[in-house]
Each structure stands twice: as structure tokens, then as C-alpha cells.
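Working notes, beginning with the structure itself.
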Amino acid sequence: MQYWLMKSEPDVFGIDHLYAEKGKKDHWDGIRNYQARNFMRDEMKKGDLAFFYHSNCDEPGIVGIMEIVSEAYVDHTQFDSREKYYDPKSTPDNPRWLMVDVKFKEKFNQIIPLREIKANPELSDMRLVQKGNRLSIMPLTQDEWNIINDMRVK
DNA sequence: GCCAACGTTGGC
DNA sequence: GCCAACGTTGGC
């Protein structure tokens with residue numbers, strides 16, 4: 001059992017999009033970074049939990065929880081030239097990019113802003129708050145997961 | 001294999 | 001919109 005943080009731009013796909021599909025699964029496509037892909041391929045397991053993080057928006061932060069409901073499999077959007085995430089160098093014989101399926105679990109009453117995560121000295125080792133981090137999928141320790149959960153507004 | 005140029009991410 | 005910090009690409 002592993003914990004994760006996964007980033008998405010709310011304008012493109014936010015927690016409300018996932019909430020609207022409550023009970024169903026959706027695929028987390030568009031990962032085009034090797035490190036993030038390798039995490040999905042090598043370490044992500046069915047049943048893992050992930051924080052849903054809103055990036056590149058007015059108020060970046062953690063907004064909810066989802067469950068990983070599949071192993072990593074081929075991301076079909078890489079083969080479609082009309083797709084934003086089209087990769088002309090990837091072929092169905094030798095696909096580069098993977099995705100996983102996720103399911104909505106929870107939406108927080110209030111966002112846990114990046115600002116507060118940064119201000120928490122217990123979380124200073126998290127990749128998210130270290131300078132220059134742009135990784136869109138990252139593992140969290142059990143401690144980090146618990147500390148962040150404790151920051152939620154009840 | 002080096003590295004400059006370029007593209008992207010994402011906070012502010 | 002700016003720009004720092006990366007990651008990727010491609011010429012050599």
C-alpha cells in the first residue's frame with residue numbers, strides 16, 4: 001500500500017470533474033514525464049490512495065482523495081494526432097506512455113493550500129515543497145499522508 | 001557523450 | 001504575464 005500525490009490543472013481536469021463521476025472510474029491520462037511514468041509502472045498498485053492536487057491555478061493545493069483502481073496500462077491518447085498529448089515518436093508496438101484508472105473518494109470541505117503545506121515544518125522534506133519540483137506524480141510517506149490529513153478542516 | 005537551444009511546468 | 005527550474009532534443 002503506497003500513498004501518492006497527483007497534480008492536475010483544475011481548468012483541464014479538477015476534483016469536480018472526478019466528483020461528477022462518483023462511483024465510476026476514470027483514466028488519468030496525459031502523463032508525459034518519464035519519472036512520473038516510472039512511478040506508475042513500477043510502484044503504483046490497485047488500492048493505493050492519492051491526494052488530488054490542483055496546480056497552475058489561483059489557489060494551488062490539495063483538494064481531495066482518490067483511489068487507484070488499476071495497474072498502469074497504455075495511454076491511448078499518445079497515438080491520436082488530434083490529441084494534445086499526441087506523441088509522434090510512440091508506436092502501438094512500442095508505447096512510451098502509461099496511465100492508471102482512478103476513482104473519486106473524497107472532496108475536502110476546504111482546500112489545503114500549498115501555502116500551508118509549505119509553512120508546515122513537518123513537511124519540509126516533501127518533494128512538493130522542495131524548490132524547482134515539477135513532478136506531477138510523487139509518492140508520499142505514511143507520515144506525510146497522516147500529517148496532511150490532520151491539516152484538513154473538519 | 002556534451003551541451004546549447006528550446007519547450008514545459010507551475011508558483012507568484 | 002513573468003520567469004526559474006527543469007527535461008528533452010539534436011547537432012556535433
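Since the structure is predicted, the reported quantities are computational estimates derived from the model, not experimental observations. Each chain gets a letter, A, B and so on, in the order the sequences are listed, and its residues count up from 1.
Residues R96(A) and N56(A) both approach DNA chain C. Their nearest nucleotides, taken by heavy-atom distance, put N56(A) toward the 5′ side. When each of K89(A) and N133(A) is assigned the nucleotide of DNA chain C bearing its nearest heavy atom, the one mapping closer to the 5' terminus is N133(A).
Distance check, rounded to the nearest 0.5 Å: CG of L18(A) to CD of E106(A) gives 12.5 Å. Of the inter-residue distances, the one linking M126(A) atom CE with M138(A) atom CE reads 6.5 Å to the nearest 0.5 angstrom.
Straight-line distance from the OH atom of Y34(A) to the P atom of dG7(C): 13 Å, rounded to whole Å. When rounded to the nearest whole Å, the span between NE2 of H54(A) and P of dC12(B) equals 17 Å. Between W97(A) atom CH2 and dG7(C) atom P there is a gap of 13 Å when expressed in whole angstrom units. At whole-Å resolution of the value, CD1 in I137(A) and P in dG10(B) are 11 Å apart. Note: CD (Q35(A)) to C1' (dT8(C)) measures 14 Å, nearest angstrom. Atom-to-atom, CG of D87(A) to C1' of dT8(C) comes out at 11 Å; the value is rounded to the nearest Å. Whole-Å rounding puts the E9(A) CD to dC12(B) P distance at 15 Å. Rounded to an integer number of Å, the gap from CG of L128(A) to P of dC6(C) is 14 Å.
Under the 4.5 Å side-chain heavy-atom criterion for ILVMFWY residues, no single connected hydrophobic cluster contains both M99(A) and F13(A).
Taking 4.0 angstrom as the limit, K7(A) places a side-chain polar atom (N or O) nearer than this to OP1 or OP2 of dG10(B). One finds a side-chain N or O of Y53(A) lying less than 4.0 angstrom from the OP1 or OP2 phosphate oxygen of dG11(B).
The side chain of N33(A) approaches dG7(C) more closely than any other nucleotide in the set dG11(B), dG7(C), dG10(B).
Taking the ring centroids of W4(A) and F39(A), they lie under the 6.0 Å cut-off.
Other residues, nucleotides and ligands contribute only 12 or fewer heavy atoms inside 6.0 Å of the NZ atom of K46(A).
In the interface, the side chain of R134(A) is paired with the base of dT8(B) through a donor and an acceptor atom under 3.5 Å apart.
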